[in-house]
Amino acid sequence: MTVVRSVVGGIKLKSPADIENLSPVVSSLILEGIAQNSSGSVFEPEDGSPIEITGSPTEKAILSWGVELHMKFAEEKSKSSIIHVSPFNSEKKRAGVAVIVDDSDIHVHWKGAAEIVLALCTNWLDVNGISHEMTPDKANQFKKYIEEMAEESLRCVAFAYRNLDLNYVPNEEERINWELPDNELALIGIVGMKDPCRPGVRNAVELCKNAGVKVRMVTGDNLQTARAIALECGILTDSQASQPVIIEGKVFRAYSDAEREAVADQISVMGRSSPSDKLLLVKALKKKGNVVAVTGDGTNDAPALHEADIGLAMGIQGTEVAKESSDIIILDDNFASVVKVVRWGRSVYANIQKFIQFQLTVNVAALIINVVAAISSGNVPLNAVQLLWVNLIMDTLGALALATEPPTDQLMKRPPVGRKEPLVTNIMWRNLFIQAVFQVTVLLTLNFRGRDLLHLTQDTLDHANKVKNTFIFNTFVLCQVFNEFNSRKPYELNIFDGVSRNHLFLAVVSITVVLQVIIIEFLGKFTSTVRLSWKLWLVSVGIGFVSWPLAFAGKFIPVPRTELKTYISRCLPGKKDNEGSTPPPPPPV
């Protein structure tokens, strides 16, 4: 943040540091106000190395401007002594300090939001340091300067002061509760600070919009500055937007609870807001059923951070109180990192869904095959050791393969997941049903008609049953291997997209296939299997391969939007029809 415009002594300076035409009186007052009324500091190394400036971004910008005005910070601080400080207040949006000069003169300096400080001024100083009455015409001229700066997305800060008689200053004991006088001020100057958007913020906001996440800006800046910055960032697209799309904090604060809830979804920018306004907005959005994430860095942001579903504190500028109240800390203070949070959050959720779909398919198929076979013939095609191996594929190796999928750009094109949306969606049920029916149908057919289909009628009954059961076991495992690829992309047609970049997935699939070959060919005694001919291996692979085109075709089958549990509840006796009940919540924000 840097000062790029300045109005001092009632005139607009050619450059922010052009003070050659200003009188020593005005120059000394502005430098005194910069040095003393600041929470930052300036360190000037004696070896000639670059000057170091510390403080908040606003303080650093103002102190940097002071350095450009040839201010010697230590020297300026020594010219006067601070007797009382009124720190910056987010409600009043200004900070003040009282200093004593030459042991007798008291100067009260104020700086803060330009239009607020201007409203407190009854006089203004010209370039010669002469005080003039603040007439309506002159006040309008200063307001016009502020509006011009705000339209350039500059943050405007005004400097004012007043003289105070030493007799009006309370003694040290009473000074603790002393309210610095902020009336009858004389305006010294106004500066416009450029706070450029970080590279990539506009793209990040666009990504959030495409992902169904609405970005709102709640700021202490005036409406004109807030509008210009929001347009620059892409938060606001209509330059002529009016209330309630762009609203002032005090207007929103004055609404009733019902009115706030009615306009909350429409708000994109809130200017001249206080931390309490941010908290009111969060509460209103949550009451509407939205999922709300809030960013903040100050101590006053803690209530809103705590109230939000997800609190995001700034790691660099954030206070410890803000960090303690948050759920996530953004280490680089960059909004683009919020997009990473969304991407990874969606990735974890999607990976859980992939694993669940894969696991349910294996469970349903194995359960039905063994139960039907046991009831009908008394024998099960999959024994305990084989099921343990299937369980290992399903739980351990399946989790490694599917739960470690990195986030993709496609995730940011999906709509958000509502609060009450089921983890297993109708699309997942459709995919699961297609694969489970296919596997159960093929494997039960092999179980009952396997000797004929596999041409084992010439073998002994015992050997034929062993070959048949081994073939069923081998085909079942290979079906899961092929279905692992289907589970990678439950919602997309191209199941191979990005698979070459997921080395862990390929490694897990390769290990599974190698171990399956070893089990069939070399561990027959342990798993009660026999070796299979290459023809039977090819048939097993062919059956497993069918799951790919089947999954592709199945994704063209439309699914209802109504949840499966709603249909089930309608069929159960004593359950009321859910139709006409509370509608699903709106998309998260």
Side-chain angles (χ1 to χ4, degrees), residues 24-43 53-63 65-66 71-125 129 131 134 157-191 220 274-276 298-303 319-322:
V25 174
V26 177
S27 298
S28 64
L29 281 173
I30 194 73
L31 292 179
E32 184 179 85
I34 292 171
Q36 297 287 30
N37 192 12
S38 175
S39 59
S41 62
V42 179
F43 175 66
I53 300 174
T54 59
S56 68
T58 304
E59 294 289 359
K60 287 167 74 173
I62 293 172
L63 289 172
W65 179 55
M71 175 187 73
K72 299 294 181 182
F73 187 74
E75 182 182 324
E76 205 63 48
K77 295 277 282 187
S78 65
K79 289 180 182 178
S80 56
S81 301
I82 297 174
I83 58 174
H84 191 65
V85 174
S86 177
F88 179 81
N89 187 301
S90 58
E91 297 290 337
K92 295 182 177 180
K93 299 199 180 299
R94 59 184 181 272
V97 64
V99 297
I100 184 166
V101 185
D102 300 329
D103 298 329
S104 58
D105 295 334
I106 303 294
H107 292 169
V108 177
H109 287 275
W110 285 97
K111 75 173 179 188
E115 70 272 19
I116 293 176
V117 173
L118 176 62
L120 300 172
C121 294
T122 56
N123 300 283
W124 63 279
L125 295 183
S131 180
M134 182 70 74
V157 174
F159 295 85
Y161 98 109
R162 66 165 289 175
N163 287 313
L164 192 66
D165 194 293
L166 190 60
N167 295 325
Y168 287 100
V169 179
N171 57 47
E172 289 189 19
E173 292 179 358
E174 299 175 350
R175 209 175 291 165
I176 297 174
N177 300 318
W178 182 34
E179 290 285 340
L180 277 182
D182 56 5
N183 59 329
E184 299 181 4
L185 301 180
L187 184 68
I188 305 172
I190 302 168
V191 296
S274 65
S276 61
T299 301
N300 292 332
D301 290 325
T319 62
E320 288 303 317
V321 175

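Because only heavy atoms are used, hydrogens play no part in the values below, and waters and symmetry mates are left out as well, while side chains stay in. Small disclaimer: the values here were computed from a predicted structure and weren't measured.
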Check: [Y] and [X] side chains under 4.5 Å, non-hydrogen atoms:
X      : Y      : result
Glu32  : Lys79  : no
Ile106 : Ile83  : yes
Leu125 : Phe159 : no

With sequence neighbours excluded, tell me which residues meet side chain to side chain donor-acceptor pair (under 3.5 Å) with [X].
X      : result
Ser56  : none
Asn171 : none
Asp301 : Lys278
Asn177 : none

Any donor-acceptor N/O pair, [X] side chain to [Y] backbone, under 3.5 Å:
X      : Y     : answer
Gln36  : Ser80 : yes
Lys111 : Asn37 : yes
Ser78  : Glu75 : yes

Spatial distance of atom [atom1] ([X]) from atom [atom2] ([Y]) [nearest 0.5 Å]:
X      : Y      : atom1 : atom2 : value
Leu164 : Asp105 : CG    : CG    : 10.5 Å
Asn183 : Trp110 : CG    : CH2   : 10.0 Å
Phe73  : Leu63  : CZ    : CG    : 6.0 Å
Asn163 : Leu185 : CG    : CG    : 11.0 Å
Ile116 : Arg94  : CD1   : CZ    : 7.0 Å

Give me the atom names and distance for the closest heavy-atom approach of [X] to [Y].
X      : Y      : result
Ser38  : Glu59  : OG-OE1, 3.0 Å
Met134 : Leu118 : CE-CD1, 3.8 Å
Val26  : Ile188 : CG1-CG2, 4.4 Å
Pro181 : Val108 : O-CG1, 3.8 Å
Ala35  : Met71  : CB-SD, 4.0 Å
Val117 : Ala160 : CG1-CB, 3.8 Å

With sequence neighbours excluded, give me every ring-ring contact (aromatic ring centres under 6.0 Å, His included) pair touching residues 76-108.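 Applying ring-ring contact (aromatic ring centres under 6.0 Å, His included) to every pair that reaches into residues 76-108, excluding sequence neighbours, yields His84-Trp178, His107-Tyr161.
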Residues in side-chain contact (heavy atoms from CB on, under 4.5 Å) with [X], at least two apart?
X      : answer
Ser28  : none
Thr122 : Glu184
Lys60  : Ile53
Ala61  : Met1, Met193

Salt bridge (Lys or Arg N to Asp or Glu O under 4.0 Å) with Arg162: which residues, sequence neighbours excluded? none
I'd like to check the salt bridge (Lys or Arg N to Asp or Glu O under 4.0 Å) partners of Lys72; sequence neighbours left out, ordered by chain and number.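 Checked Lys72 against salt bridge (Lys or Arg N to Asp or Glu O under 4.0 Å); zero matches.
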